[in-house]
2 protein chains.
Amino acid sequence: MQMIRIIVVDRHELVALGIASRLADQPELEVVGHACSGVKLLERLRETQADLILIDVSLHEMDGIDTVRKLHRNYPGLKVLAHSALTEIEYVNSMLIEGASGYVLKDGPADELAHAVRTVMNGDTYISPHAQHSIANGYRFTEKRMGGEYVGLTKREREIIRMVALDRTNREIADALFITEETVKTHRKNLMTKLNVRGVAGLVKYAVDRCWV
Amino acid sequence: MQMIRIIVVDRHELVALGIASRLADQPELEVVGHACSGVKLLERLRETQADLILIDVSLHEMDGIDTVRKLHRNYPGLKVLAHSALTEIEYVNSMLIEGASGYVLKDGPADELAHAVRTVMNGDTYISPHAQHSIANGYRFTEKRMGGEYVGLTKREREIIRMVALDRTNREIADALFITEETVKTHRKNLMTKLNVRGVAGLVKYAVDRCWV
DNA sequence: TAAAAAATCCTCATTTGTGGGTATTGTGAA
DNA sequence: TTCACAATACCCACAAATGAGGATTTTTTA
């Protein structure tokens with residue numbers, strides 16, 4: 001029987017421990033490592049062999065979505081399964097489009113994870129019921145991007161949204177980045193359009209969810 | 001040797017599993033139960049005996065701070081140890097004032113948790129170094145409340161902050177609660193004063209951290 | 001290299017948010 | 001039964017954000 005080697009990427013080691021203990025009764029599944037961020041994962045992958053990466057969206061340094069993008073480019077054969085507490089369609093879509101083969105929610109039943117891992121290793125896709133529901137409901141505020149195409153943020157936009165979430169005013173952001181207030185306003189506008197939110201609250205929640213603050 | 005019975009309160013069962021597995025090599029510590037919310041904990045306590053509650057700040061239904069307040073009233077002999085990823089002084093202070101005997105951060109070293117549990121069961125207080133640093137630095141924006149007194153939010157204020165975090169406008173909140181827009185503004189103002197933040201971003205982060213959205 | 005994407009700056013009208021106040025109820029605790 | 005506080009409501013002045021236009025320059029990438 002072929003062992004399935006899993007690396008868990010989660011900002012809390014406790015979660016990795018919990019996963020390992022939950023998968024302990026699955027003889028063919030083995031957690032061979034843990035990384036607390038995307039950057040750490042890429043380092044670890046240079047020394048540790050793995051068949052599947054179980055990765056959260058919310059990570060420091062480089063979030064899960066960016067990490068999956070890189071994984072897909074550098075390790076095409078490696079299977080990726082997203083594992084998060086976030087049900088928002090934005091995250092589910094992004095993960096799948098970047099190359100994940102599934103999306104499992106953290107508060108699902110105890111046997112769901114093992115099932116998802118097997119499904120994915122079998123070449124199929126597994127998405128938790130709640131996450132599917134989220135996809136079915138579509139975007140919250142507009143009908144845009146219903147096709148599901150992923151709109152990534154630019155570097156500059158990430159800088160801006162991060163500072164917005166840190167409660168900085170446009171003036172402060174402008175000064176910090178050596179640009180005019182008008183430019184900051186434009187970026188905020190674009191951010192809100194891309195993320196389909198109406199105001200600051202949506203921007204802050206987005207940044208918090210992805211551990212950018 | 002007296003066994004120390006621990007109930008873990010965390011919105012993710014995986015974390016409880018992880019804690020149990022981390023404490024597995026501590027012969028006198030035993031995780032006897034898990035609850036995913038404050039409400040569930042109070043239910044469980046009616047049937048399960050415990051010596052110590054290990055509880056997170058971020059919980060659904062009733063957050064950790066409110067839960068500790070209730071615990072302290074209903075089970076005076078029960079020890080409570082806060083266990084969270086949040087380092088903000090606001091949360092540390094609140095937990096301690098409500099009756100917790102310590103505050104351990106989730107990303108601390110592997111042996112810190114067991115040490116903290118023993119310290120607390122010994123009648124002392126344990127606070128993670130980072131959290132102590134947070135206390136030492138005081139509040140972010142103003143010099144108010146430096147004494148550390150905890151300012152709780154009222155029911156109405158919680159309703160308001162929740163809706164603010166859900167990206168609702170003042171107009172919408174007013175309509176939903178059958179009050180005028182001016183009243184909503186007043187509540188927001190009071191909230192920002194109480195929480196020592198300057199704008200929406202702070203309010204949203206507060207609500208997100210405590211699982212109110 | 002030419003086209004596309006990103007970043008920059010601008011105006012103007014409108015809405016929302018912020019920071020000071022003040023005042024009237026109702027409720028619950030000392 | 002006071003007394004404090006929560007919740008409600010209103011006022012004003014000013015700052016900030018939003019929405020809808022347009023435009024230019026740099027950087028990337030196909």
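Here is how names work: the chains are called A, B, and so on, in the same order as the sequence lines, proteins then strands, and each is numbered from 1. Note that this is a predicted model, so its numbers are computed, not measured.
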Could you pick out which residue, E181(B) or R188(A), lies toward the 5' side of DNA chain D when each is mapped onto its nearest nucleotide? E181(B)

When you check the side-chain N and O atoms of T183(A) and T180(A), is any donor under 3.5 Å from an acceptor? yes

For G199(B) and T186(B), find the nucleotide of DNA chain C closest to each by heavy atoms; which residue's nucleotide sits nearer the 5' end? G199(B)

Among dC11(D), dT8(D), dC9(C), find the nucleotide with the atom closest to the side chain of E182(A). dC9(C)

Tell me whether the side-chain N or O atoms of K189(B) pair up with the base of dG17(C) as donor and acceptor below 3.5 Å, since no angle test is needed here. no

Within the structure shown, what part of the strands sits under 4.0 Å from T180(B) by heavy-atom distance: base, sugar-phosphate, or nothing? sugar-phosphate

Taking CZ from R171(B) and P from dT18(D), how many angstroms apart are they, rounded to a whole number? 19 Å

Does H187(A) place a side-chain N or O at less than 4.0 Å from the phosphate oxygens OP1/OP2 of dT8(C)? yes

Shortest side-chain distance from T154(A), nucleotide among dC9(C), dA7(C), dG20(C): dA7(C)

Tell me: NZ of K185(B) to P of dG20(C), nearest whole Å? 15 Å

Salt-bridge criterion met for R156(B) and E159(B) (N-O under 4.0 Å): yes

Examine dT8(D): is either OP1 or OP2 under 4.0 Å from a nitrogen or oxygen in the side chain of R156(B)? Give yes or no. yes

Identify each donor-acceptor pair in which a side-chain atom of residues 121-128 of chain A lies under 3.5 Å from a protein atom, sequence neighbours left out, and give them as a table.
| from | atom 1 | to | atom 2 | distance (Å) |
| --- | --- | --- | --- | --- |
| Y126(A) | OH | E112(A) | OE2 | 2.8 |
| S128(A) | OG | L105(A) | N | 3.0 |
| S128(A) | OG | E112(A) | OE2 | 2.8 |

Using five pairs at each end of the helix from dT1(C)-dA30(D) to dA30(C)-dT1(D) to define an axis, what is the angle between those two axes, to 10°? 70°

Ion pair check, K70(B) and D66(B), cut-off under 4.0 Å: no

Looking at E181(B) and R171(B), is any side-chain nitrogen of the basic one under 4.0 Å from a carboxylate oxygen of the acidic one? yes

Please tabulate, for the side chains in residues 78-85 of chain A, all donor-acceptor contacts under 3.5 angstrom to protein atoms that are two or more places apart in sequence or on a different chain.
| from | atom 1 | to | atom 2 | distance (Å) |
| --- | --- | --- | --- | --- |
| S84(A) | OG | D56(A) | OD1 | 3.2 |
| S84(A) | OG | L86(A) | N | 3.0 |

Grab the CG-P distance between N170(A) and dC9(C) for me, whole Å please. 13 Å

